[in-house]
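Below: the structure, in C-alpha cells.
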Amino acid sequence: MEDSGNDQKTLKSIIIVFSYHHHNTEKIARAIAGVLGAPVKTPQQVTPGELAEYDLVGFGSGVYSATFGRPILALADSLPQSAGKRAFLFSTYGAPGFVANREFIEKNHAEMRRKLEVKGYRMVGGFGCAGWNTNSFLKYFGGLNKGRPDENDLKNAGAFAREMREKAGAQGT
Ligand SMILES: Cc1cc2nc3c(=O)[nH]c(=O)nc-3n(C[C@H](O)[C@H](O)[C@H](O)COP(=O)(O)O)c2cc1C
C-alpha cells in the first residue's frame, strides 16, 4: 500500500478495531490504515503474541458505556509485556458535540490506555470523533450524529495517522 512517507525507517503498523453498532469506528480505522499502510483486524483476528511483530499498534473502538468494547479490552489484558512498543487509541462516540471535548475523549480512552501502559506500551496519542448513535431510545428519533463520521472526520483521521507516524518514527524503532 502507498506510503506517502518521510525518510524515517518504515514503521511496521497494525490497526485493531472493535466496531459493531454502525461500523463507525471501522471507517476511521480504514482511513488511518490507508495512511500507515497497515492491515485492519478485529480483536478476534489477532493473537496476542502476533502483535510483537509491530512497531506501532492502533487500537480503536466505539464508545460503549464510556469505555472501549469488551473484546478489545480483553485483548489488552491478554497481551504479553511489550516494553517500548508504541500505541495510539482512536474512538467514535455518540454524545452530542457540545459534550465531546478533549477531556471527554480522554475519559473514554482511560481504561484502555491504562491496560496498555501496564503492558509496557508507550502511548503516542489519541483521536476521537462523533459517530452515528441509535442506541436505546435514540432510535425512535433518528439517532444522534447522523452522517458521522463524515468526509471531514476521515480527513482528520488521516492527518492524525500522519502525526502518529511522525511521532513514533521520531522515537526510533
Ligand atoms: C450499547 C451502546 C452503548 C453506548 N454508550 C455510549 C457512551 O457511553 N457514550 C457515548 O458517547 N456514546 C455511546 N454509544 C454510542 C456509540 O459510541 C457510537 O454510536 C459509536 O460511533 C459506535 O461505534 P461503532 O459503530 O464503531 O460500533 C453507545 C452505543 C451503544 C450501542
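Whatever order the structure lists them in is the order used to number ligands and atoms, beginning at 1.
- Using a 4.0 Å cut-off between charged nitrogen and carboxylate oxygen, K167 and E163 count as a salt-bridge pair.
- Considering backbone and side-chain N/O of A66, one or more are found under 3.5 Å from N/O of ligand 1.
- Under the 4.5 Å side-chain contact rule for hydrophobic residues, W132 and F98 do not share a cluster.
- From the protein, the heavy atom lying nearest to atom 27 (O) of ligand 1 is Y64 OH, 2.6 Å.
- Considering backbone and side-chain N/O of N135, none are found under 3.5 Å from N/O of ligand 1.
- With ring centers used as reference points, F127 lies 6.0 Å or more from F88.
- Shortest contact from atom 19 (O) of ligand 1 to any protein heavy atom: W132 O, 2.8 Å.
- Looking only at distances, a side-chain donor or acceptor of S61 sits under 3.5 Å from a matching main-chain atom of G69.
- Using a cut-off of 4.0 Å between Lys/Arg side-chain N and Asp/Glu carboxylate O, R162 and E166 are scored as not salt-bridged.
- L89 and I28 end up in different hydrophobic clusters when Ile, Leu, Val, Met, Phe, Trp and Tyr side chains are linked at under 4.5 Å.
- Taking all atoms of both residues into account, the shortest heavy-atom contact from S91 to T25 is CA-CG2, 4.2 Å.
- Per-residue contacts place G62 under 4.0 angstrom from the following atoms of ligand 1 (heavy atoms of the residue considered): 23 (O).
- Each of the following atoms of ligand 1 lies closer than 4.0 Å to a heavy atom of S19: 24 (P), 26 (O), 27 (O).
- Some N or O of H22 is nearer than 3.5 Å to an N or O of ligand 1, by distance alone.
- Here the closest heavy-atom approach between residue P43 and residue P71 is recorded as CB-O, 3.8 Å.
- Summary of contacts: the protein heavy atom closest to atom 23 (O) of ligand 1 is T92 OG1, 3.3 Å.
- Heavy atoms of S65 found under 4.0 angstrom from ligand 1 belong exclusively to the backbone.
- Ligand 1 has an N or O atom lying under 3.5 Å from an N or O atom of G94, backbone or side chain.
- By the 3.5 Å distance cut-off applied to N or O atoms, F104 is not counted among the residues near ligand 1.
- Criterion: ILVMFWY side-chain heavy atoms under 4.5 Å apart, direct or through other members. Under it, L116 and Y54 are part of a common hydrophobic cluster.
- Close contacts of ligand 1 with T25, meaning ligand atoms under 4.0 Å from a residue heavy atom, involve 23 (O), 24 (P), 26 (O).
- Shortest contact from atom 9 (N) of ligand 1 to any protein heavy atom: V63 CG1, 3.7 Å.
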